[in-house]
Structures are given as C-alpha cells and as structure tokens.
Asker: 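Have a look at the structure that comes next, please.
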Amino acid sequence: MSQQLPLDELTLTLARIKGLLLTEEKVDRAVQLLAEGIRDAFPGSAGAGVSLIDEQGNRTSAGATDPLVIQVDQSQYRLGEGPCLTAWATERTVIVHNAETDDRWPEWAEAARELAIASVISVPLIRGSRCLGAMKLYAAATDAYDQTTARSLQKLAASAAILLDNIQSSETPKRFSEGLVEALNSRDTISRAQGYLMGQRGMAEEDAVRELLNLSQETKQSLASVSAQILSGGKKEESYDGT
C-alpha cells in the first residue's frame with residue numbers, strides 16, 4: 001500500500017500548503033495546518049502529525065489530525081524514543097514497516113501496537129543547517145510506506161520547512177534563545193558523538209541517538225553540550241558505563 005503522489009497532485013499539494021502557511025503568523029496554527037495538509041495528501045493514512053523540536057528533543061509546537069496521532073506522539077516524548085525523534089536527531093527519513101517486528105524502539109513499538117498502529121514514516125524538517133522538527137504519517141496496515149512515499153513527503157517537507165522557519169523567526173524572542181540557535185547549528189558535534197558511541201560502544205544508530213537524547217533530558221543540557229562532553233571524555237560520558 002505504498003503511497004506516492006503523482007507529479008501534478010504533488011504540485012497542487014505543495015501550492016496548497018504554501019498558501020495555507022503563508023497566511024499564518026503563529027507557529028502553532030501553521031503546524032496544525034501542515035498536519036492537515038499532509039493528511040489530505042495521503043488519505044490512506046490513519047493520521048498525520050507535525051512536531052517542532054528543541055535541542056533537547058522536547059516539542060515546542062505540535063499539530064495532529066486525530067486523537068490517535070496525539071497518543072502515539074505522546075508515547076514517544078514520554079519514553080524518549082521513537083521514529084519522530086530519530087528522524088529529527090539524525091536528519092534522515094525513518095520508515096517503520098511493521099511495529100510488530102521492528103525492534104529499534106521496543107517500548108514505543110509496544111505503545112504503537114496497543115493503539116493499532118503498524119506503519120510509520122517520519123521525515124525531518126530541514127532548513128539550511130538546522131532541523132526544525134519532523135512530520136509523520138501513521139497507518140494501521142503493515143508496509144503502508146516505502147521510498148516512494150518518502151520522496152513525496154520529503155518534497156513537502158522541504159517546502160514546509162522554509163515557510164515554518166520564516167513564521168517561527170517572527171516568534172524567535174518567545175521561542176528561541178541564542179543558545180538554542182547555536183545548538184541547532186552544532187549538528188557536526190552531535191553527529192560525531194553519535195559516531196563515537198556507535199564505534200566505541202558498539203551501539204546501533206538508533207541506540208546511540210536514544211542515549212544522547214536521554215542524557216540531554218536527564219542533565220537538562222543541550223544535545224550539543226552533552227555530545228561535546230562525550231567527545232572530550234568528560235564525566236558525563238561515564239554514565240554510559242553506569243559509573
């Protein structure tokens with residue numbers, strides 16, 4: 001049941017989303033409109049959502065088309081793991097073909113199964129060197145999404161990220177400190193720390209991301225700060241050994 005928008009339909013969808021977002025001055029409303037636009041573009045899905053995420057993996061704004069989406073998303077942020085957080089942290093599209101057999105995020109997958117969600121696709125919202133968050137689709141059927149879906153969704157994300165960034169910039173004093181912007185521009189440090197954990201600790205990519213997110217939330221420090229400490233051999237790294 002892979003979903004790919006025909007070129008003409010994709011063009012119309014992009015134009016519609018641009019039209020919706022350009023009329024908005026508030027981030028929360030724009031994010032909700034984007035979620036609704038994605039749902040309409042992929043009608044076979046159980047629901048769609050969009051999350052803007054800060055440097056510690058916490059949502060600053062979120063939009064969801066259905067109560068089901070809210071529940072699935074809340075489980076990610078409560079547990080500190082899941083496809084949306086991973087898409088944001090790695091700046092890569094994440095696809096879950098079957099939550100029943102996917103073992104990348106065991107606790108989140110269990111929560112998804114309880115809500116009858118089998119398939120997920122999450123695409124990062126990237127603007128220049130910054131990742132603003134991620135948008136996602138959920139489906140009850142297995143194998144609902146694949147690379148054809150990803151290509152269509154990535155085109156929507158590229159356009160939406162530019163517009164959301166412009167809207168978000170107008171609310172910068174309320175939402176983003178200088179430190180946050182600096183941290184969001186420190187992806188190289190985060191990526192190297194992730195690579196260190198994978199190489200030196202033998203962790204899978206998703207496990208390394210989850211460790212960084214968990215430590216960031218526990219210490220109330222940015223991902224950039226935590227990553228820098230790991231790379232410099234600071235004391236915070238020792239927590240990975242349980243010492």
Side-chain angles (χ1 to χ4, degrees), residues 1-5 17 28-54 56-90 92-125 131-150 152-154 156-157 160 204-207 209-214 216-217:
M1 196 182 92
S2 65
Q3 301 180 43
Q4 180 179 29
L5 295 179
I17 288 177
D28 291 341
R29 178 59 180 157
V31 169
Q32 180 62 34
L33 288 173
L34 178 57
E36 293 170 2
I38 299 168
R39 175 198 58 195
D40 294 344
F42 298 89
S45 300
V50 177
S51 296
L52 298 186
I53 305 172
D54 69 16
Q56 293 182 20
N58 300 311
R59 283 181 298 181
T60 60
S61 294
T65 60
D66 304 271
L68 178 65
V69 174
I70 296 174
Q71 293 181 68
V72 181
D73 275 359
Q74 284 178 339
S75 66
Q76 289 198 69
Y77 295 95
R78 184 181 70 254
L79 297 168
E81 66 175 42
C84 180
L85 284 173
T86 300
W88 165 78
T90 63
R92 296 178 184 176
T93 296
V94 174
I95 300 175
V96 175
H97 295 286
N98 186 351
E100 188 70 39
T101 57
D102 197 305
D103 59 1
R104 287 175 288 181
W105 316 280
E107 292 185 85
W108 175 83
E110 182 179 352
R113 290 193 296 269
E114 290 176 355
L115 294 168
I117 291 297
S119 298
V120 184
I121 182 169
S122 188
V123 174
L125 289 160
C131 188
L132 308 178
M135 57 190 201
K136 53 272 180 139
L137 291 165
Y138 296 110
T142 59
D143 296 312
Y145 310 116
D146 58 15
Q147 290 304 318
T148 60
T149 318
S152 292
L153 205 54
Q154 286 161 357
L156 294 177
E205 180 180 19
E206 290 80 8
D207 292 334
V209 170
R210 184 162 56 245
E211 291 288 354
L212 290 174
L213 287 168
N214 287 342
S216 174
Q217 292 173 340

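What you are looking at is a predicted structure, and each value in this text was computed from that prediction instead of being measured. Start at 1 with the first residue, then count along the sequence.
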Asker: For the residue pair L68 and A46, what are the closest heavy atoms and their distance?
Answerer: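 Here L68 and A46 meet closest at CD2-CB, 4.1 Å.
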Asker: What pair of heavy atoms forms the shortest contact from T65 to A35, and how long is it?
Answerer: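 Closest heavy-atom pair between T65 and A35: CG2-O, 3.3 Å.
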Asker: Quick one: CD on E206 to CG on D102, what's the gap to the nearest 0.5 Å?
Answerer: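 Rounded to the nearest 0.5 Å, the CD-CG separation comes out at 8.0 Å.
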Asker: For the side chain of R210 and the backbone of G80, is there at least one donor-acceptor N/O pair under 3.5 Å apart?
Answerer: no
Asker: Are the side chains of V209 and L213 in touch, meaning some heavy atoms are under 4.5 Å apart?
Answerer: yes
Asker: Hey, is the main chain of T148 close enough, under 3.5 Å, to the side chain of D146 for a donor-acceptor pair?
Answerer: yes
Asker: Would you say I121 and V96 make side-chain contact, with heavy atoms under 4.5 Å?
Answerer: no
Asker: Would you check, one step at a time, whether the test side-chain hydrogen bond (donor to acceptor under 3.5 Å, both in side chains) holds for D54 with T60?
Answerer: CA-CA 6 Å; D54 69 16; T60 60; over 6 Å; no
Asker: Run R104 and E81 through salt bridge (charged side-chain N to carboxylate O under 4.0 Å, His left out) and show every step you take.
Answerer: CA-CA 9 Å; R104 287 175 288 181; E81 66 175 42; over 6 Å; no
Asker: Where do S51 and D73 come nearest, in terms of heavy atoms and distance?
Answerer: OG-OD2, 4.1 Å
Asker: Tell me, do W105 and T86 make a side-chain contact under 4.5 Å, heavy atoms counted?
Answerer: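 Yes, at least one pair of side-chain atoms sits under 4.5 Å.
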Asker: Look at the side chain of Q76 and the backbone N and O of C84, then say whether any donor-acceptor pair between them is shorter than 3.5 Å.
Answerer: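 Flag set: sc Q76 to bb C84 pair under 3.5 Å.
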Asker: Would you check, one step at a time, whether the test side chain to side chain contact (heavy atoms under 4.5 Å, CB included) holds for V123 with K136?
Answerer: CA-CA 6 Å; V123 174; K136 53 272 180 139; over 6 Å; no
Asker: Is I95 close to T93 at the side-chain level, that is, under 4.5 Å between some pair of heavy atoms?
Answerer: yes
Asker: Hey, does the side chain of S75 reach the backbone of W108 with a donor-acceptor pair shorter than 3.5 angstrom?
Answerer: no
Asker: Should W88 and S122 be marked as a side-chain hydrogen bond (donor to acceptor under 3.5 Å, both in side chains) after you check the CA-CA gap, both sets of side-chain angles, and the distance that decides it?
Answerer: CA-CA 9 Å; W88 165 78; S122 188; over 6 Å; no
Asker: I want to check something: taking the side chain as every heavy atom from C-beta on, are V31 and S61 in contact at a cut-off of under 4.5 Å?
Answerer: yes
Asker: Tell me every residue that passes side-chain hydrogen bond (donor to acceptor under 3.5 Å, both in side chains) with R59, counting only those two or more places apart in sequence or in another chain.
Answerer: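 In terms of side-chain hydrogen bond (donor to acceptor under 3.5 Å, both in side chains), with neighbours along the sequence ignored, R59 is linked to no residue.
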Asker: When you compare the side chain of T90 with that of E205, does any pair of heavy atoms fall below 4.5 Å?
Answerer: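 When only atoms from C-beta onward are counted, T90 and E205 do touch, with a gap below 4.5 Å.
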Asker: Please find the pair of heavy atoms, one from V69 and one from A64, that lie closest to each other, and give the distance.
Answerer: CG1-CB, 3.7 Å
Asker: Do L153 and L156 come within less than 4.5 Å of each other through their side chains, counting heavy atoms only?
Answerer: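 In contact.
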Asker: So, for V120 and Y145, which heavy atoms are closest and what is the spacing to 0.1 Å?
Answerer: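 Heavy atoms of V120 and Y145 come nearest at C-CD1, 3.7 Å.
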Asker: Are any of the side-chain heavy atoms of V50 and I38 separated by less than 4.5 Å?
Answerer: yes
Asker: Taking all heavy atoms of A48 and all of L137, pick out the closest pair and write down the distance.
Answerer: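 In this case the closest contact between A48 and L137 is CB-CD2, 3.7 Å.
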